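Comments concern the structure below.
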2 protein chains.
Amino acid sequence: MKKGSKISNAVIKRLPRYRRYLNELKRKGVDKISSRELSDLIGYTASQIRQDLNNFGGFGQQGYGYNVEALYNEISSILGLDKEYKMVIVGAGNLGQAIANHTSYYKAGFVVCSLFEVNPKLVGIKINDIDVRDCEELVPYIEDNSIDIGIICTTKDAAQEVADKMSFAGVKGIWNFAAVDLEVPETVAVENVHLSDGLHSLAYHINRNHYFE
Amino acid sequence: MKKGSKISNAVIKRLPRYRRYLNELKRKGVDKISSRELSDLIGYTASQIRQDLNNFGGFGQQGYGYNVEALYNEISSILGLDKEYKMVIVGAGNLGQAIANHTSYYKAGFVVCSLFEVNPKLVGIKINDIDVRDCEELVPYIEDNSIDIGIICTTKDAAQEVADKMSFAGVKGIWNFAAVDLEVPETVAVENVHLSDGLHSLAYHINRNHYFE
DNA sequence: TAGATTGTTAATCGATTAACAATC
DNA sequence: TAGATTGTTAATCGATTAACAATC
């Protein structure tokens with residue numbers, strides 16, 4: 001990355017999307033692409049694509065363009081996808097189970113190590129080959145297993161307490177599916193999913209009949 | 001809403017959040033709030049809050065502030081949450097089931113009418129009291145039941161075809177959980193969830209140790 | 001070399017913040 | 001009326017787009 005300059009979040013949010021399209025190109029056997037061609041594909045301006053990439057280094061070659069595979073690898077590495085992340089999920093209800101399943105199938109590098117539940121009926125069972133443990137064990141489990149990411153799939157009322165425990169136990173990031181905004185120490189990154197918010201803004205657009213991203 | 005002026009998407013995306021906080025205040029019995037107090041709570045500047053709200057009308061009262069319940073109702077109505085939406089989910093796997101469950105519990109106004117699947121083992125069963133039908137029936141079902149919203153919980157490879165069918169059959173909006181960007185007619189609104197993208201940008205922030213929203 | 005396309009600086013556009021007059 | 005707080009205009013800030021010199 002370029003010296004000390006901090007990258008805007010708008011840029012970071014676009015990186016996974018670049019990566020998805022590059023992956024697709026790779027699959028199709030394309031090995032070179034220009035910012036212009038990428039623009040036609042993704043829908044960002046060629047100018048923006050070059051600006052975005054140049055925040056991290058000059059990955060292209062004048063007169064040629066970008067090497068698809070090399071660029072894919074660069075972006076993966078910028079995002080930290082060359083590392084492995086150990087995760088736990090709190091809340092083994094429908095959503096927690098779905099995330100457990102979804103994540104382990106699709107995302108090499110993100111490993112769900114355990115689920116946690118307050119409901120005693122679920123504690124002790126296995127879901128998708130992953131143990132469901134009692135929430136009481138959450139903190140020591142995170143500590144003992146060097147868990148990187150905590151995933152919150154609880155009700156909104158329980159979410160902040162879970163986030164506190166996770167932060168205390170030393171997770172580096174929280175992926176939050178509960179409908180609240182969490183307060184966490186600065187050292188912990190948070191990604192909120194807020195499904196209802198998305199559905200609500202969809203409702204707005206439906207009534208206005210506008211296409212949007 | 002103010003005459004013809006079109007509201008930026010950034011504003012729309014903040015509305016569900018305002019609404020969440022107002023709901024919380026309502027629950028606590030607070031009946032009046034100033035933009036300043038709301039700012040302390042939500043984290044947007046008081047100035048931004050007033051700007052946002054004034055896109056839709058003057059809901060406040062000088063020297064007093066905003067009436068919590070009235071403002072909550074206004075925002076709900078702007079978002080179109082005073083209407084009812086009939087929805088179908090395509091893909092009755094883990095994620096589809098979780099969304100079916102999650103949505104019917106938490107969101108009055110959003111009704112999941114049916115699930116659809118290609119896997120014959122699932123067709124015919126009920127999930128959470130909702131019938132699982134064969135994907136072949138998708139188009140006529142949407143037409144016959146005036147479905148408003150289609151929810152896509154399929155693999156990325158199937159998603160575009162499903163979106164085409166949904167659009168053809170006349171849905172007004174698509175809530176897309178598949179990891180692709182859909183092409184739909186202008187008359188159809190799309191809200192993408194792209195779970196992996198979120199996880200990937202979380203990975204970035206974990207490695208930079210930055211708090212972000 | 002000529003053509004193409006990047007990397008980067010400069011211009012524009014839009015969104016956020018500040019300021020303040022209007023008014024409850 | 002005096003105090004508070006909105007609604008709204010003006011100033012600032014940041015992000016996107018355009019332009020072009022560098023260079024493969």
Side-chain angles (χ1 to χ4, degrees), chain A residues 1-15 17-18 22 25 30-72 74-75 78 201 204 210 212-213, chain B residues 1-15 17-18 22 25 30-72 74-75 78 201 204 210 212-213:
Chain A
M1 193 195 327
K2 273 187 176 168
K3 42 209 156 137
S5 60
K6 70 164 167 297
I7 313 298
S8 96
N9 203 39
V11 175
I12 305 308
K13 285 276 172 198
R14 284 193 290 270
L15 294 181
R17 183 163 168 167
Y18 288 128
L22 288 164
L25 289 165
V30 179
D31 48 34
K32 156 194 132 56
I33 195 152
S34 70
S35 57
R36 177 62 202 280
E37 291 165 314
L38 211 45
S39 167
D40 292 340
L41 223 53
I42 306 193
Y44 304 142
T45 64
S47 200
Q48 176 160 68
I49 293 170
R50 295 202 301 280
Q51 285 278 23
D52 281 354
L53 298 177
N54 277 97
N55 281 305
F56 304 98
F59 303 137
Q61 190 172 315
Q62 279 104 328
Y64 174 83
Y66 299 86
N67 177 285
V68 170
E69 182 150 13
L71 187 56
Y72 175 84
E74 287 287 359
I75 292 178
I78 291 163
S201 65
Y204 175 89
H210 275 150
F212 71 110
E213 159 57 14
Chain B
M1 191 191 334
K2 273 188 175 168
K3 44 212 155 140
S5 59
K6 70 165 166 299
I7 313 297
S8 96
N9 203 40
V11 175
I12 306 308
K13 285 277 172 196
R14 283 192 290 270
L15 294 181
R17 184 163 167 165
Y18 288 128
L22 288 164
L25 289 165
V30 179
D31 47 34
K32 155 194 134 57
I33 195 154
S34 70
S35 57
R36 178 62 203 280
E37 292 165 315
L38 210 44
S39 167
D40 292 341
L41 224 51
I42 307 193
Y44 304 142
T45 63
S47 201
Q48 176 160 68
I49 292 170
R50 294 201 302 277
Q51 286 278 23
D52 282 353
L53 298 177
N54 278 96
N55 281 304
F56 304 97
F59 302 136
Q61 191 173 313
Q62 280 103 328
Y64 174 82
Y66 299 87
N67 177 285
V68 171
E69 182 150 13
L71 187 55
Y72 175 84
E74 287 287 359
I75 292 178
I78 292 163
S201 65
Y204 176 89
H210 276 150
F212 71 109
E213 160 54 12

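Chain identifiers are assigned alphabetically (A, B, ...) following the order of the sequence lines, protein sequences preceding nucleic acid strands; residue numbering begins at 1 within each chain. Since the structure is predicted, the reported quantities are computational estimates derived from the model, not experimental observations.
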Decide yes or no, distance alone: a donor-acceptor N/O pair under 3.5 angstrom between the base of C:dT17 and the side-chain of B:Gln51.
yes
Only one of B:Ser39, B:Ser34, B:Ser35 passes side chain to side chain donor-acceptor pair (under 3.5 Å) with B:Glu37; say which it is.
B:Ser34
Whole angstroms only, please: what is the CZ-P distance between B:Phe56 and D:dT8?
14 Å
Whole-Å distance separating the CG atom of A:Leu71 from the C1' atom of C:dT6:
13 Å
Round to a whole Å and report the spacing from CD1 of B:Ile12 to C1' of C:dA15.
14 Å
As an exercise, state the distance from OH of A:Tyr66 to CD1 of A:Ile33, rounded to the nearest 0.5 Å.
11.0 Å
Atom-pair distance (CG on A:Leu53; P on C:dG7), nearest Å
8 Å
Approximate separation, where rounding is to 0.5 Å, of B:Ile75 CD1 and B:Arg14 CZ
11.5 Å
Rounded to whole Å, NZ of A:Lys32 lies from P of D:dC24 at a distance of 16 Å
Is it true that, when you exclude A:Arg36 itself, more than 12 heavy atoms of the residues, nucleotides or ligands shown sit nearer than 6.0 Å to its CZ?
no
Option passing side-chain contact (heavy atoms from CB on, under 4.5 Å) with B:Ile12 (candidates B:Ile78, B:Ile7, B:Asp52, B:Asn55)
B:Ile7
Does B:Arg14 make a side-chain N or O approach to OP1 or OP2 of C:dA15 shorter than 4.0 Å?
no
Kindly point out which of D:dG7, C:dA18, C:dT8 is positioned nearest to the side chain of B:Asn54?
D:dG7
Please report the closest heavy-atom contact between B:Tyr64 and B:Lys32, naming both atoms and the distance.
O-NZ, 2.7 Å
Could you walk me through whether B:Tyr72 and B:Leu25 pass the side chain to side chain contact (heavy atoms under 4.5 Å, CB included) test, one step at a time?
CA-CA 10 Å; B:Tyr72 175 84; B:Leu25 289 165; over 6 Å; no
What nucleotide among D:dT6, D:dT16, C:dA15 has an atom nearest to a side-chain atom of B:Ser8?
C:dA15
Ignoring hydrogens and angles, are the base of C:dT23 and the side chain of B:Gln61 linked by a donor-acceptor pair under 3.5 Å?
no
Is any side-chain nitrogen or oxygen of A:Tyr64 closer than 4.0 Å to OP1 or OP2 of C:dG7?
no
For the pair made of NZ in B:Lys6 and P in C:dC13, what is the distance, rounded to whole Å?
14 Å
With the side chain of A:Ala10 defined as its heavy atoms from C-beta on, choose the nearest nucleotide among C:dC24, D:dT16, C:dT5.
D:dT16
Among D:dT6, D:dT5, C:dT6, which nucleotide sits nearest the side chain of B:Ser35?
D:dT6
For DNA chain D, which ranges pair as stems of 3 or more consecutive Watson-Crick or G-U pairs, with both donor-acceptor distances under 3.5 Å?
C:3-24 with D:3-24
In Å, rounded to the nearest 0.5 Å, how long is the span from OH of B:Tyr44 to CD1 of B:Ile49?
8.5 Å
Whole-Å distance separating the OH atom of A:Tyr66 from the C1' atom of C:dT5:
9 Å
Return the CG to CG distance between A:Leu53 and A:Leu15, rounded to the nearest 0.5 Å.
8.0 Å
Within residues 42-50 of chain B, find the residues that approach DNA chain C with a heavy atom at under 4.0 Å, and present them sorted by residue number.
B:Thr45, B:Ser47, B:Gln48, B:Arg50
Donor-acceptor pair, A:Arg50 side chain versus A:Gly60 backbone, under 3.5 Å?
no
Rounded to whole Å, CD of A:Gln62 lies from C1' of C:dT8 at a distance of 10 Å
